[in-house]
Asks: 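Below is a structure I'd like to ask you about.
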Amino acid sequence: MITEIAQPVRTAVIGAGCRSSQIYQPILSNISQWIDVVAVCDPVKEHADEMAQSLGAKAFYDIHELVKNDEIEAALVISPVDSHHSISVFLSEHKIHNMVETTWCNTLRQAREMIHTAQSNGVLTVVAENFFRFAVDRFSNAVRESGYIGKIHRIFSYNDHTGYHNNSRWIHFAKAYPEWVQSVTHTMPTMPFTAPPARGYNDETYRCRFLAFPDDFMVIDSASNIKGFLGRLCRPGFTEWQGETGTLVHTGVGNWQWETKINRVYEDIHFPTVSPVVYETPGDRFVKAYADTPQGRIEYINPFVPQKTCKHINLPFYGCAIMDELIDFALAVRGVKEFEYSAQDAMMSLVIELACEESAAQQGKRIDIGADMNFDVEAKAEERLRQEYGADPYDVENMLRISYPRK
């Protein structure tokens with residue numbers, strides 16, 4: 001059951017590119033009782049006009065003009081990562097709540113400024129993290145709560161994603177931040193290949209990360225080529241939630257196709273009892289996931305069933321995750337509940353990413369995670385932004401003047 005609100009949040013969509021128009025737009029048209037899109041802003045006029053017309057909103061081509069609209073309470077920032085810091089800070093300064101796409105930003109200084117500016121102006125800034133809202137992740141929580149495979153001490157993941165999204169998944173599952181991380185990488189030459197969005201490669205880097213959380217919980221997160229090029233295992237790869245008496249196993253069997261099962265071991269049986277996980281998707285709508293075990297049914301019932309599916313990724317699960325995060329944001333803006341993934345959580349996902357990069361750069365050195373982190377790799381990110389855009393990455397006005405074409 002989804003909580004209703006008396007008045008939908010009057011919202012602007014900032015960025016009307018591929019992700020916005022093909023993934024968010026169909027979902028937004030389903031949830032007008034929570035989010036009322038009153039404006040669309042994009043420097044590319046035809047993109048803004050087309051999306052605004054489809055959502056019955058007003059088109060803007062400059063964010064400075066957008067914030068003059070007194071109707072706007074909140075904004076969905078669906079633009080390239082390099083633009084996130086300046087847009088979020090600018091919106092918060094104008095007392096507009098903002099949910100920003102992943103990856104949240106490039107540096108910890110940017111993250112801290114985003115959080116500080118939002119808090120100083122009494123608004124929310126959060127990350128639009130949807131991966132921990134996917135069906136298998138919601139179901140993994142149901143498995144943990146059931147106690148069927150005992151306490152889960154470890155997650156092993158290969159070629160599922162690795163990076164900011166997975167960092168968020170592990171934080172959300174652990175309900176804690178890691179105490180230390182360790183990472184190694186290995187790069188090998190390959191035949192030339194092109195991966196979307198139209199990027200050419202002549203090599204491939206494998207990353208293996210160890211994340212140590214409190215309460216004897218560890219994640220081993222590794223990947224080499226998550227989109228399955230060169231014949232590698234494609235997304236969703238392979239992930240195990242390893243408990244004291246069994247394992248939840250999630251295996252990719254094709255691009256965005258998978259099988260899930262629960263293996264439970266009993267003392268007097270040599271082989272595990274296997275309980276397949278069933279995903280009910282009538283009419284291409286994800287309704288629930290469940291497994292019938294010898295000890296009863298384990299089930300996750302999905303309250304987020306959009307009437308329209310995403311155009312770009314035609315999966316019943318993906319639209320549900322987007323719908324989940326959008327309604328979560330609206331409820332948080334209205335003060336009905338706290339957003340499920342806080343701004344501090346969003347910053348910690350970035351801390352993990354930078355710490356893993358730092359560890360790999362130091363030949364796998366263990367990096368302790370503390371409250372006030374600083375990384376050498378962060379300086380490289382800052383320099384990359386300065387070189388690419390010819391502007392100080394912390395200069396909000398100068399960064400707002402830049403158009404960020406899809407790369």
Side-chain angles (χ1 to χ4, degrees), residues 2-17 19-45 47-79 83-84 86-101 104 114-115 117-130 304 306-308 319 322-343 346 400:
I2 307 176
T3 304
E4 302 285 345
I5 53 178
Q7 186 178 31
V9 178
R10 298 184 301 278
T11 304
V13 174
I14 298 176
R19 181 168 180 81
S20 184
S21 61
Q22 296 188 0
I23 295 177
Y24 275 82
Q25 182 179 319
I27 305 303
L28 286 165
S29 63
N30 284 253
I31 59 171
S32 57
Q33 64 268 50
W34 290 278
I35 290 183
D36 177 18
V37 178
V38 297
V40 176
C41 183
D42 194 293
V44 180
K45 185 177 185 298
H47 290 176
D49 288 344
E50 182 179 346
M51 189 167 180
Q53 183 177 8
S54 71
L55 294 171
K58 184 176 180 181
F60 291 84
Y61 320 111
D62 183 276
I63 195 170
H64 297 85
E65 294 301 315
L66 174 74
V67 297
K68 294 177 183 178
N69 186 336
D70 293 335
E71 279 192 288
I72 297 170
E73 301 175 88
L76 307 176
V77 181
I78 314 168
S79 59
S83 69
H84 289 174
S86 58
I87 293 175
S88 174
V89 168
F90 183 75
L91 291 170
S92 293
E93 287 174 341
H94 287 81
K95 302 189 184 305
I96 296 172
H97 304 280
N98 51 93
M99 183 168 77
V100 181
E101 259 296 336
W104 206 38
M114 290 162 70
I115 292 172
T117 308
Q119 290 176 341
S120 299
N121 287 277
V123 296
L124 292 174
T125 181
V126 294
V127 66
E129 181 57 81
N130 55 70
F304 303 99
Q307 297 305 305
K308 293 182 180 179
I322 301 296
M323 186 176 176
D324 186 341
E325 71 184 15
L326 290 169
I327 293 176
D328 194 20
F329 179 57
L331 296 175
V333 168
R334 284 285 175 258
V336 174
K337 63 181 290 292
E338 291 186 1
F339 193 72
E340 191 171 2
Y341 202 70
S342 71
L400 284 175

Asks: Just grab all the salt bridge (Lys or Arg N to Asp or Glu O under 4.0 Å) pairs involving residues 6-15, residues at least two apart or on different chains.
Replies: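 Pairs touching residues 6-15 that pass the test: Arg10-Glu73.
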Asks: Got His64 and Leu400 here, is their nearest side-chain heavy-atom distance under 4.5 Å?
Replies: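 His64 reaches Leu400 side chain to side chain.
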Asks: Other residues, nucleotides and ligands only: do more than 12 of their heavy atoms fall within 6.0 Å of CD on Gln53?
Replies: no
Asks: With a 4.5 Å limit on heavy-atom distance, are the side chains of Glu101 and Ser79 in contact?
Replies: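 Result no, sub-4.5 Å side-chain heavy-atom pair not found.
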Asks: Quick one: salt bridge (Lys or Arg N to Asp or Glu O under 4.0 Å) pairs with a partner in residues 26-45, sequence neighbours left out?
Replies: Lys45-Asp49
Asks: Of all heavy-atom pairs between Ser20 and Gly15, which one has the smallest distance, and what is that distance?
Replies: OG-O, 2.7 Å
Asks: Assess whether side chain to side chain contact (heavy atoms under 4.5 Å, CB included) is satisfied between Ile87 and Val100, documenting all intermediate values.
Replies: CA-CA 9 Å; Ile87 293 175; Val100 181; over 6 Å; no
Asks: Quick one: pull up CD in Glu338 and CG in Leu124 and give me the separation to the nearest 0.5 Å.
Replies: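 Result: 9.5 Å between the selected atoms.
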Asks: Hey, what do you get for CD1 (Ile2) to CZ (Phe304), rounding to the nearest 0.5 Å?
Replies: 5.0 Å
Asks: Taking it one step at a time, do Glu129 and Trp104 satisfy side chain to side chain contact (heavy atoms under 4.5 Å, CB included)?
Replies: CA-CA 9 Å; Glu129 181 57 81; Trp104 206 38; over 6 Å; no
Asks: Hey, could you give me the CG/NZ distance between Leu66 and Lys58, rounded to the nearest 0.5 Å?
Replies: 10.0 Å
Asks: Taking all non-hydrogen atoms of both residues, which atom of Thr3 and which atom of Leu331 are closest, and how far apart?
Replies: O-CD2, 3.7 Å
Asks: Return the CD to CE distance between Gln25 and Met51, rounded to the nearest 0.5 Å.
Replies: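 CE of Met51 is found 5.0 Å from CD of Gln25.
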Asks: Taking all non-hydrogen atoms of both residues, which atom of Glu325 and which atom of Met99 are closest, and how far apart?
Replies: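 Distance-wise, the nearest heavy atoms are O-SD, 3.9 Å.
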Asks: Go through the side-chain N and O atoms of Thr125 and Ser92 and say whether any donor and acceptor fall under 3.5 Å apart.
Replies: no
Asks: Can you establish whether the number of heavy atoms outside Glu50 located under 6.0 Å from its atom CD is more than 12?
Replies: no
Asks: Rounded at 0.5 Å granularity, tell me how far CG in Leu28 sits from OG in Ser21.
Replies: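 Interatomic distance, Leu28 CG to Ser21 OG, rounded to 0.5 Å: 11.5 Å.
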Asks: Do Phe329 and Leu76 have side-chain heavy atoms sitting under 4.5 Å apart?
Replies: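 Touching, per the 4.5 Å side-chain cut-off.
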Asks: Would the distance check show the side chain of His47 and the main-chain N or O of Pro43 forming a donor-acceptor pair, the cut-off being under 3.5 Å?
Replies: no
Asks: Heavy atoms only: give me the nearest Glu93-Asn121 pair and the separation to one decimal.
Replies: O-OD1, 3.8 Å
Asks: Taking the side chain as every heavy atom from C-beta outward, state whether Leu91 and Val123 have any pair of such atoms under 4.5 Å apart.
Replies: no
Asks: Please find the pair of heavy atoms, one from Pro8 and one from Ile35, that lie closest to each other, and give the distance.
Replies: CB-N, 4.0 Å
Asks: For Ile23 and Pro26, work out which heavy atoms get closest and say how close.
Replies: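 The pair with the smallest heavy-atom distance is O-CD, 3.5 Å.
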Asks: Kindly indicate, with the supporting measurements, whether the criterion side chain to side chain contact (heavy atoms under 4.5 Å, CB included) is fulfilled by Leu326 and Tyr24.
Replies: CA-CA 9 Å; Leu326 290 169; Tyr24 275 82; 3.8 Å; yes
Asks: Going by side chain to side chain donor-acceptor pair (under 3.5 Å), name the residues that satisfy it together with Asp324, two or more places apart in sequence or in a different chain.
Replies: Arg133, Arg138
Asks: Starting from the C-alpha separation in whole Å, work towards a yes-or-no answer on side chain to side chain contact (heavy atoms under 4.5 Å, CB included) for Val126 and His97.
Replies: CA-CA 9 Å; Val126 294; His97 304 280; over 6 Å; no
Asks: So, taking the atom named CD1 in Ile63 and the one named CD1 in Ile96, what distance separates them when rounded to the nearest 0.5 Å?
Replies: 7.5 Å
